[in-house]
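In what follows, a structure is listed as C-alpha coordinates, so that the remarks can point back to it.
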Amino acid sequence: MNIVKWFKQEKALLVALAIAVIAYVGEHSVLEMGQTASITAAAALIATIVLASMRVAHHAETLAVKVGDPYGTMILTLSAVAVEVIILAIMMSGESSPTLVRDTIYAAVMLDINGILGLAALLGGLKHGEQPYNDDSSRTYGVMILTAMGISMIVPEFIPEAKWHYYSAFTIVAMIALYALFLRMQVGKHSYFFSYSYPRTEKKLGMPEEHHEEESTTTSIVTILIGVVLIGALAEFMSVFMDTGLKGTGAPPAIAAIVVAAISAAPEILTALRAALRNRMQATVNIALGASLSTVILTVPVMEAIALYTGQPFIMAMSPVQTVMVMITLIVAAINLNDGETNAIEGMTHFILFATFIMLTTLGL
(Lines give C-alpha, C1' and ligand atoms only; values in the text may rest on other atoms or scores of the structure.)
Protein backbone atom coordinates (compact mmCIF):
# COMPACT_ATOMS: atom_id res chain seq x y z
CA MET A 1 0.00 0.00 0.00
CA ASN A 2 1.46 3.35 -1.08
CA ILE A 3 1.18 5.52 2.07
CA VAL A 4 1.52 8.86 0.26
CA LYS A 5 -1.11 7.90 -2.28
CA TRP A 6 -3.39 6.66 0.51
CA PHE A 7 -3.12 9.98 2.37
CA LYS A 8 -4.04 11.87 -0.81
CA GLN A 9 -7.07 9.66 -1.48
CA GLU A 10 -8.32 9.53 2.10
CA LYS A 11 -8.49 13.24 2.87
CA ALA A 12 -12.00 12.78 4.30
CA LEU A 13 -10.72 10.30 6.89
CA LEU A 14 -7.85 12.63 7.79
CA VAL A 15 -10.34 15.44 8.30
CA ALA A 16 -12.45 13.10 10.44
CA LEU A 17 -9.39 12.27 12.55
CA ALA A 18 -8.61 15.96 13.02
CA ILE A 19 -12.19 16.72 14.06
CA ALA A 20 -12.17 13.77 16.49
CA VAL A 21 -9.04 15.25 18.13
CA ILE A 22 -10.65 18.69 18.27
CA ALA A 23 -13.80 17.21 19.81
CA TYR A 24 -11.73 15.36 22.42
CA VAL A 25 -9.81 18.51 23.39
CA GLY A 26 -12.78 20.88 23.31
CA GLU A 27 -15.61 18.67 24.61
CA HIS A 28 -15.96 20.30 28.03
CA SER A 29 -15.63 23.82 26.62
CA VAL A 30 -18.44 23.21 24.12
CA LEU A 31 -20.72 21.70 26.78
CA GLU A 32 -20.14 24.72 29.03
CA MET A 33 -21.19 27.04 26.19
CA GLY A 34 -24.74 25.65 26.30
CA GLN A 35 -27.31 24.02 24.05
CA THR A 36 -26.73 26.06 20.90
CA ALA A 37 -23.03 25.26 20.81
CA SER A 38 -23.71 21.62 21.64
CA ILE A 39 -26.27 21.10 18.88
CA THR A 40 -23.98 22.90 16.40
CA ALA A 41 -21.11 20.62 17.36
CA ALA A 42 -23.39 17.58 17.06
CA ALA A 43 -24.43 18.66 13.55
CA ALA A 44 -20.79 19.11 12.53
CA LEU A 45 -19.95 15.64 13.88
CA ILE A 46 -22.92 14.10 12.05
CA ALA A 47 -21.65 15.58 8.78
CA THR A 48 -18.15 14.29 9.54
CA ILE A 49 -19.46 10.80 10.32
CA VAL A 50 -21.36 10.77 7.03
CA LEU A 51 -18.17 11.74 5.16
CA ALA A 52 -16.23 8.99 6.91
CA SER A 53 -18.97 6.45 6.25
CA MET A 54 -18.93 7.43 2.57
CA ARG A 55 -15.27 6.46 2.42
CA VAL A 56 -16.03 3.18 4.19
CA ALA A 57 -18.82 2.58 1.68
CA HIS A 58 -16.50 3.45 -1.24
CA HIS A 59 -14.04 0.76 -0.21
CA ALA A 60 -16.90 -1.66 0.46
CA GLU A 61 -18.04 -0.93 -3.11
CA THR A 62 -14.50 -1.62 -4.32
CA LEU A 63 -14.60 -5.06 -2.72
CA ALA A 64 -18.17 -5.54 -3.92
CA VAL A 65 -17.26 -4.89 -7.56
CA LYS A 66 -14.40 -7.36 -7.34
CA VAL A 67 -16.49 -10.22 -5.93
CA GLY A 68 -19.76 -9.42 -7.78
CA ASP A 69 -23.34 -10.21 -6.76
CA PRO A 70 -24.62 -11.50 -4.38
CA TYR A 71 -21.42 -11.14 -2.33
CA GLY A 72 -21.05 -7.51 -3.37
CA THR A 73 -24.31 -6.20 -1.99
CA MET A 74 -23.79 -8.32 1.13
CA ILE A 75 -20.52 -6.47 1.78
CA LEU A 76 -22.24 -3.12 1.26
CA THR A 77 -25.08 -3.87 3.69
CA LEU A 78 -22.79 -5.41 6.32
CA SER A 79 -20.53 -2.35 6.31
CA ALA A 80 -23.54 -0.09 6.84
CA VAL A 81 -24.90 -2.26 9.66
CA ALA A 82 -21.48 -2.30 11.34
CA VAL A 83 -21.51 1.50 11.42
CA GLU A 84 -25.05 1.49 12.81
CA VAL A 85 -24.33 -1.06 15.55
CA ILE A 86 -21.22 0.83 16.69
CA ILE A 87 -23.08 4.14 16.91
CA LEU A 88 -26.02 2.53 18.73
CA ALA A 89 -23.80 0.75 21.24
CA ILE A 90 -21.99 3.98 22.04
CA MET A 91 -25.17 6.03 22.35
CA MET A 92 -26.86 3.39 24.53
CA SER A 93 -23.96 3.64 26.99
CA GLY A 94 -24.99 7.22 27.70
CA GLU A 95 -28.25 8.78 28.82
CA SER A 96 -30.15 7.78 25.71
CA SER A 97 -33.81 6.86 25.37
CA PRO A 98 -34.71 3.24 26.27
CA THR A 99 -36.47 3.03 22.89
CA LEU A 100 -33.43 4.15 20.86
CA VAL A 101 -32.63 0.70 19.45
CA ARG A 102 -36.25 -0.03 18.57
CA ASP A 103 -36.78 3.39 17.00
CA THR A 104 -33.52 3.16 15.01
CA ILE A 105 -34.39 -0.25 13.54
CA TYR A 106 -37.89 0.97 12.70
CA ALA A 107 -36.50 4.15 11.11
CA ALA A 108 -33.94 2.12 9.14
CA VAL A 109 -36.65 -0.16 7.71
CA MET A 110 -38.79 2.84 6.74
CA LEU A 111 -35.78 4.57 5.18
CA ASP A 112 -34.50 1.51 3.32
CA ILE A 113 -37.76 0.08 1.95
CA ASN A 114 -39.93 3.18 1.59
CA GLY A 115 -37.24 5.84 1.18
CA ILE A 116 -34.39 4.26 -0.79
CA LEU A 117 -36.33 1.61 -2.71
CA GLY A 118 -39.31 3.92 -3.23
CA LEU A 119 -37.28 6.84 -4.60
CA ALA A 120 -35.08 4.55 -6.71
CA ALA A 121 -38.07 2.74 -8.25
CA LEU A 122 -39.81 6.08 -8.85
CA LEU A 123 -36.86 7.75 -10.59
CA GLY A 124 -35.79 4.58 -12.38
CA GLY A 125 -39.36 3.96 -13.53
CA LEU A 126 -39.73 7.48 -14.89
CA LYS A 127 -36.49 7.03 -16.86
CA HIS A 128 -36.71 3.40 -17.97
CA GLY A 129 -40.35 2.33 -17.49
CA GLU A 130 -40.58 -1.17 -16.06
CA GLN A 131 -37.31 -2.36 -14.52
CA PRO A 132 -36.67 -6.12 -14.19
CA TYR A 133 -35.09 -7.96 -11.27
CA ASN A 134 -35.18 -11.46 -9.77
CA ASP A 135 -38.41 -11.74 -7.76
CA ASP A 136 -36.99 -14.70 -5.78
CA SER A 137 -34.84 -12.16 -3.93
CA SER A 138 -37.70 -9.86 -2.94
CA ARG A 139 -39.84 -12.74 -1.65
CA THR A 140 -36.94 -14.17 0.35
CA TYR A 141 -36.04 -10.81 1.86
CA GLY A 142 -39.69 -9.97 2.59
CA VAL A 143 -40.56 -13.12 4.51
CA MET A 144 -37.34 -12.95 6.53
CA ILE A 145 -37.83 -9.28 7.43
CA LEU A 146 -41.39 -10.02 8.58
CA THR A 147 -40.25 -13.02 10.64
CA ALA A 148 -37.30 -11.19 12.22
CA MET A 149 -39.32 -8.08 13.10
CA GLY A 150 -42.23 -10.15 14.37
CA ILE A 151 -40.01 -12.17 16.72
CA SER A 152 -37.89 -9.28 17.95
CA MET A 153 -40.19 -6.24 17.83
CA ILE A 154 -43.84 -7.38 18.04
CA VAL A 155 -43.86 -10.47 20.29
CA PRO A 156 -41.86 -8.68 23.09
CA GLU A 157 -45.02 -6.66 23.80
CA PHE A 158 -46.48 -9.79 25.39
CA ILE A 159 -43.40 -10.91 27.36
CA PRO A 160 -43.64 -10.33 31.16
CA GLU A 161 -41.02 -7.90 32.40
CA ALA A 162 -39.69 -10.42 34.92
CA LYS A 163 -38.86 -12.87 32.12
CA TRP A 164 -37.33 -10.48 29.60
CA HIS A 165 -33.85 -12.02 29.87
CA TYR A 166 -35.12 -15.48 28.85
CA TYR A 167 -36.79 -14.14 25.74
CA SER A 168 -33.83 -11.87 25.02
CA ALA A 169 -31.52 -14.90 24.99
CA PHE A 170 -33.97 -16.76 22.75
CA THR A 171 -34.08 -13.78 20.38
CA ILE A 172 -30.30 -13.80 20.04
CA VAL A 173 -30.28 -17.50 19.13
CA ALA A 174 -33.22 -17.10 16.73
CA MET A 175 -31.63 -14.15 14.88
CA ILE A 176 -28.28 -15.94 14.57
CA ALA A 177 -30.01 -19.09 13.26
CA LEU A 178 -32.00 -17.07 10.71
CA TYR A 179 -28.96 -15.18 9.49
CA ALA A 180 -26.79 -18.29 9.31
CA LEU A 181 -29.29 -19.99 7.01
CA PHE A 182 -29.81 -16.81 4.98
CA LEU A 183 -26.05 -16.39 4.57
CA ARG A 184 -25.71 -19.99 3.42
CA MET A 185 -28.45 -19.41 0.83
CA GLN A 186 -27.00 -16.10 -0.31
CA VAL A 187 -23.50 -17.40 -0.95
CA GLY A 188 -24.32 -21.07 -1.59
CA LYS A 189 -26.45 -23.07 -3.97
CA HIS A 190 -29.30 -20.53 -3.86
CA SER A 191 -27.14 -17.50 -4.65
CA TYR A 192 -29.01 -17.14 -7.95
CA PHE A 193 -32.00 -15.90 -5.89
CA PHE A 194 -30.13 -12.63 -5.44
CA SER A 195 -28.76 -12.02 -8.92
CA TYR A 196 -30.11 -11.11 -12.33
CA SER A 197 -28.53 -11.51 -15.78
CA TYR A 198 -28.00 -8.13 -17.41
CA PRO A 199 -26.27 -7.38 -20.73
CA ARG A 200 -22.51 -7.64 -20.33
CA THR A 201 -22.00 -4.07 -21.46
CA GLU A 202 -23.60 -2.78 -18.27
CA LYS A 203 -21.57 -2.30 -15.12
CA LYS A 204 -21.82 -4.38 -11.96
CA LEU A 205 -23.94 -3.03 -9.12
CA GLY A 206 -24.70 0.09 -11.12
CA MET A 207 -21.56 1.75 -9.79
CA PRO A 208 -18.84 3.61 -11.67
CA GLU A 209 -15.81 1.40 -12.15
CA GLU A 210 -13.12 3.99 -12.35
CA HIS A 211 -10.52 3.78 -9.53
CA HIS A 212 -11.69 0.34 -8.37
CA GLU A 213 -8.90 -1.48 -10.17
CA GLU A 214 -6.30 0.88 -8.71
CA GLU A 215 -7.07 -0.06 -5.11
CA SER A 216 -5.90 -3.36 -3.66
CA THR A 217 -8.06 -5.56 -1.50
CA THR A 218 -5.70 -5.05 1.45
CA THR A 219 -5.92 -1.26 1.13
CA SER A 220 -9.71 -1.40 1.08
CA ILE A 221 -9.94 -3.67 4.13
CA VAL A 222 -7.45 -1.58 6.15
CA THR A 223 -9.24 1.65 5.24
CA ILE A 224 -12.63 0.19 6.20
CA LEU A 225 -11.26 -0.78 9.63
CA ILE A 226 -9.70 2.66 10.16
CA GLY A 227 -12.93 4.34 9.09
CA VAL A 228 -15.08 2.25 11.45
CA VAL A 229 -12.80 3.09 14.41
CA LEU A 230 -12.97 6.79 13.56
CA ILE A 231 -16.75 6.65 13.24
CA GLY A 232 -16.97 5.04 16.68
CA ALA A 233 -14.86 7.81 18.23
CA LEU A 234 -16.87 10.54 16.51
CA ALA A 235 -20.16 8.90 17.52
CA GLU A 236 -19.21 9.03 21.19
CA PHE A 237 -18.76 12.80 21.08
CA MET A 238 -21.84 13.24 18.87
CA SER A 239 -23.94 11.38 21.44
CA VAL A 240 -22.82 13.64 24.28
CA PHE A 241 -23.39 16.84 22.30
CA MET A 242 -26.76 15.68 20.96
CA ASP A 243 -28.05 14.74 24.41
CA THR A 244 -27.11 18.17 25.75
CA GLY A 245 -28.33 20.07 22.69
CA LEU A 246 -31.78 18.44 22.52
CA LYS A 247 -32.47 18.33 26.27
CA GLY A 248 -35.58 20.34 27.12
CA THR A 249 -36.24 21.43 23.52
CA GLY A 250 -39.36 19.31 23.02
CA ALA A 251 -37.84 17.63 19.97
CA PRO A 252 -39.41 14.23 19.12
CA PRO A 253 -37.61 11.39 20.96
CA ALA A 254 -37.13 9.55 17.65
CA ILE A 255 -34.87 12.28 16.22
CA ALA A 256 -31.73 10.54 17.46
CA ALA A 257 -32.93 7.24 15.97
CA ILE A 258 -33.53 8.83 12.57
CA VAL A 259 -30.08 10.42 12.68
CA VAL A 260 -28.42 7.03 13.35
CA ALA A 261 -30.46 5.33 10.61
CA ALA A 262 -29.73 8.11 8.11
CA ILE A 263 -25.98 8.04 8.84
CA SER A 264 -25.73 4.32 8.16
CA ALA A 265 -27.96 4.53 5.07
CA ALA A 266 -26.36 7.61 3.46
CA PRO A 267 -23.85 5.72 1.28
CA GLU A 268 -26.46 3.12 0.33
CA ILE A 269 -28.82 5.82 -0.92
CA LEU A 270 -26.35 6.99 -3.57
CA THR A 271 -25.43 3.44 -4.60
CA ALA A 272 -29.07 2.34 -4.91
CA LEU A 273 -30.07 5.44 -6.88
CA ARG A 274 -27.14 5.04 -9.29
CA ALA A 275 -28.10 1.40 -9.84
CA ALA A 276 -31.75 2.26 -10.56
CA LEU A 277 -30.85 5.07 -12.95
CA ARG A 278 -28.60 2.61 -14.82
CA ASN A 279 -31.55 0.21 -15.06
CA ARG A 280 -30.02 -2.28 -12.61
CA MET A 281 -32.91 -2.72 -10.20
CA GLN A 282 -31.55 -6.00 -8.82
CA ALA A 283 -28.75 -4.15 -7.05
CA THR A 284 -31.26 -1.65 -5.66
CA VAL A 285 -33.53 -4.42 -4.34
CA ASN A 286 -30.56 -6.23 -2.80
CA ILE A 287 -29.29 -3.06 -1.13
CA ALA A 288 -32.64 -1.75 0.17
CA LEU A 289 -34.15 -5.03 1.35
CA GLY A 290 -30.79 -6.51 2.32
CA ALA A 291 -30.02 -3.47 4.47
CA SER A 292 -33.41 -3.75 6.19
CA LEU A 293 -32.93 -7.43 6.92
CA SER A 294 -29.34 -6.98 8.08
CA THR A 295 -30.34 -4.10 10.35
CA VAL A 296 -32.92 -6.24 12.14
CA ILE A 297 -31.21 -9.60 12.12
CA LEU A 298 -27.74 -8.34 13.11
CA THR A 299 -28.46 -5.27 15.26
CA VAL A 300 -30.98 -7.07 17.50
CA PRO A 301 -28.69 -9.88 18.76
CA VAL A 302 -25.77 -7.51 19.38
CA MET A 303 -27.87 -5.04 21.36
CA GLU A 304 -29.75 -7.80 23.21
CA ALA A 305 -26.40 -9.32 24.19
CA ILE A 306 -25.29 -5.94 25.55
CA ALA A 307 -28.56 -5.70 27.52
CA LEU A 308 -28.02 -9.16 29.02
CA TYR A 309 -24.42 -8.35 29.88
CA THR A 310 -25.26 -5.05 31.59
CA GLY A 311 -28.53 -6.28 33.08
CA GLN A 312 -30.28 -3.20 31.70
CA PRO A 313 -33.19 -4.09 29.38
CA PHE A 314 -34.48 -1.66 26.78
CA ILE A 315 -37.82 -1.42 25.03
CA MET A 316 -37.93 -3.45 21.80
CA ALA A 317 -41.71 -3.80 21.33
CA MET A 318 -42.91 -1.39 18.66
CA SER A 319 -45.65 1.13 19.40
CA PRO A 320 -49.07 0.54 17.76
CA VAL A 321 -48.35 3.22 15.13
CA GLN A 322 -44.97 1.69 14.29
CA THR A 323 -46.49 -1.80 14.03
CA VAL A 324 -49.17 -0.56 11.64
CA MET A 325 -46.63 1.27 9.47
CA VAL A 326 -44.36 -1.79 9.28
CA MET A 327 -47.28 -4.05 8.37
CA ILE A 328 -48.51 -1.67 5.65
CA THR A 329 -44.96 -1.36 4.29
CA LEU A 330 -44.35 -5.11 4.12
CA ILE A 331 -47.78 -5.82 2.60
CA VAL A 332 -47.28 -3.13 -0.07
CA ALA A 333 -43.76 -4.46 -0.73
CA ALA A 334 -45.08 -8.02 -1.07
CA ILE A 335 -47.64 -6.86 -3.66
CA ASN A 336 -45.30 -4.51 -5.55
CA LEU A 337 -42.29 -6.86 -5.62
CA ASN A 338 -44.11 -10.01 -6.64
CA ASP A 339 -43.83 -9.87 -10.44
CA GLY A 340 -40.13 -9.29 -11.12
CA GLU A 341 -40.56 -5.71 -12.38
CA THR A 342 -40.84 -2.32 -10.71
CA ASN A 343 -42.35 0.87 -12.10
CA ALA A 344 -42.87 4.50 -11.10
CA ILE A 345 -46.29 3.88 -9.52
CA GLU A 346 -44.87 1.21 -7.21
CA GLY A 347 -42.03 3.56 -6.32
CA MET A 348 -44.45 6.36 -5.55
CA THR A 349 -46.52 4.20 -3.17
CA HIS A 350 -43.44 3.43 -1.10
CA PHE A 351 -42.22 7.03 -1.18
CA ILE A 352 -45.60 8.25 0.07
CA LEU A 353 -45.31 5.76 2.93
CA PHE A 354 -41.89 7.25 3.70
CA ALA A 355 -43.40 10.76 3.72
CA THR A 356 -46.07 9.44 6.12
CA PHE A 357 -43.34 8.09 8.40
CA ILE A 358 -41.68 11.52 8.46
CA MET A 359 -45.01 13.22 9.23
CA LEU A 360 -45.81 10.80 12.07
CA THR A 361 -42.33 11.33 13.54
CA THR A 362 -42.79 15.09 13.37
CA LEU A 363 -46.05 14.67 15.30
CA GLY A 364 -44.18 12.66 17.93
CA LEU A 365 -45.87 9.35 17.03
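As a basis for the values below, the full set of heavy atoms in this structure was taken, side chains included, without hydrogen atoms, waters or symmetry mates. Quantities reported herein were computed from a predicted structural model and do not represent experimental measurements.
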[Y] reachable from [X] in the ILVMFWY side-chain graph, under 4.5 Å edges:
X	Y	result
V285	L273	yes
I113	M348	no
M149	L146	yes

Under a single-linkage rule joining Ile, Leu, Val, Met, Phe, Trp and Tyr whose side-chain heavy atoms are separated by less than 4.5 Å, which residues share a cluster with Y309? none
Using a side-chain heavy atom cutoff under 4.5 Å and only I, L, V, M, F, W and Y, what cluster partners does I315 have? none
Not counting sequence neighbours, list each pair that qualifies as a salt bridge (Lys or Arg N to Asp or Glu O under 4.0 Å) and has a residue in residues 128-143. D135-R139, D136-R139
Taking only residues at least two apart or on different chains, which pairs with a member in residues 311-332 satisfy ring pair (Phe, Tyr, Trp, His ring centres under 6.0 Å)? none
Donor-acceptor contacts under 3.5 Å from residues 31-49 side chains, at least two apart:
residue, atom, partner, partner atom, Å
Q35, NE2, T244, O, 3.4
Q35, NE2, K247, O, 2.2
S38, OG, G34, O, 2.9
T40, OG1, T36, O, 2.8
T48, OG1, A44, O, 2.8

Hey, can you pull the donor-acceptor pairs under 3.5 Å for the side chains in residues 156-169, sequence neighbours left out?
residue, atom, partner, partner atom, Å
Y167, OH, I151, O, 2.6
S168, OG, E304, OE1, 2.5

side-chain hydrogen bond (donor to acceptor under 3.5 Å, both in side chains) partners of S152, counting only residues at least two apart: none
Under the side-chain hydrogen bond (donor to acceptor under 3.5 Å, both in side chains) test, residues paired with E346 that sit two or more places apart: none
Answer yes or no: is there a donor N or O on one side and an acceptor on the other, between the side chain of [X] and the main chain of [Y], under 3.5 Å?
X	Y	result
Y24	F237	no
T147	V143	yes
Q131	A276	yes

Output, in order, the C-alpha distance, side-chain angles, deciding distance and verdict of side-chain contact (heavy atoms from CB on, under 4.5 Å) for V229 and L225. CA-CA 6 Å; V229 171; L225 294 175; 5.7 Å; no
Under the ring-ring contact (aromatic ring centres under 6.0 Å, His included) test, residues paired with F182 that sit two or more places apart: Y141, F194
Just checking, is any N or O donor in the side chain of Q322 or R102 under 3.5 Å from an acceptor N or O on the other one? yes
Can you name the one residue among L289, I297, V296 that meets side-chain contact (heavy atoms from CB on, under 4.5 Å) with L293? I297
For A108, which residues count as a side-chain contact (heavy atoms from CB on, under 4.5 Å) partner, sequence neighbours excluded? E84, D112, A261, T295
Acceptor/donor pairs from residues 356-365 side chains to any protein atom, 3.5 angstrom cut, sequence neighbours excluded:
residue, atom, partner, partner atom, Å
T356, OG1, I352, O, 2.9
T361, OG1, F357, O, 2.9
T362, OG1, I358, O, 2.8

Show, in sequence, the C-alpha distance, side-chain angles and deciding distance for L298 and M175, and conclude whether the side-chain contact (heavy atoms from CB on, under 4.5 Å) test is met. CA-CA 7 Å; L298 295 179; M175 295 299 104; over 6 Å; no
Would you compute the distance between atom OG of S292 and atom CD1 of I105 and round it to the nearest 0.5 angstrom? 11.0 Å
How long is the span from the CG atom in L17 to the CD atom in E10, to the nearest 0.5 Å? 12.5 Å
Just list the side-chain donor-acceptor pairs under 3.5 Å for residues 324-336, sequence neighbours left out, or say none.
residue, atom, partner, partner atom, Å
T329, OG1, N114, ND2, 2.9
T329, OG1, M325, O, 2.8
N336, ND2, T349, OG1, 3.1
N336, ND2, H350, NE2, 3.4

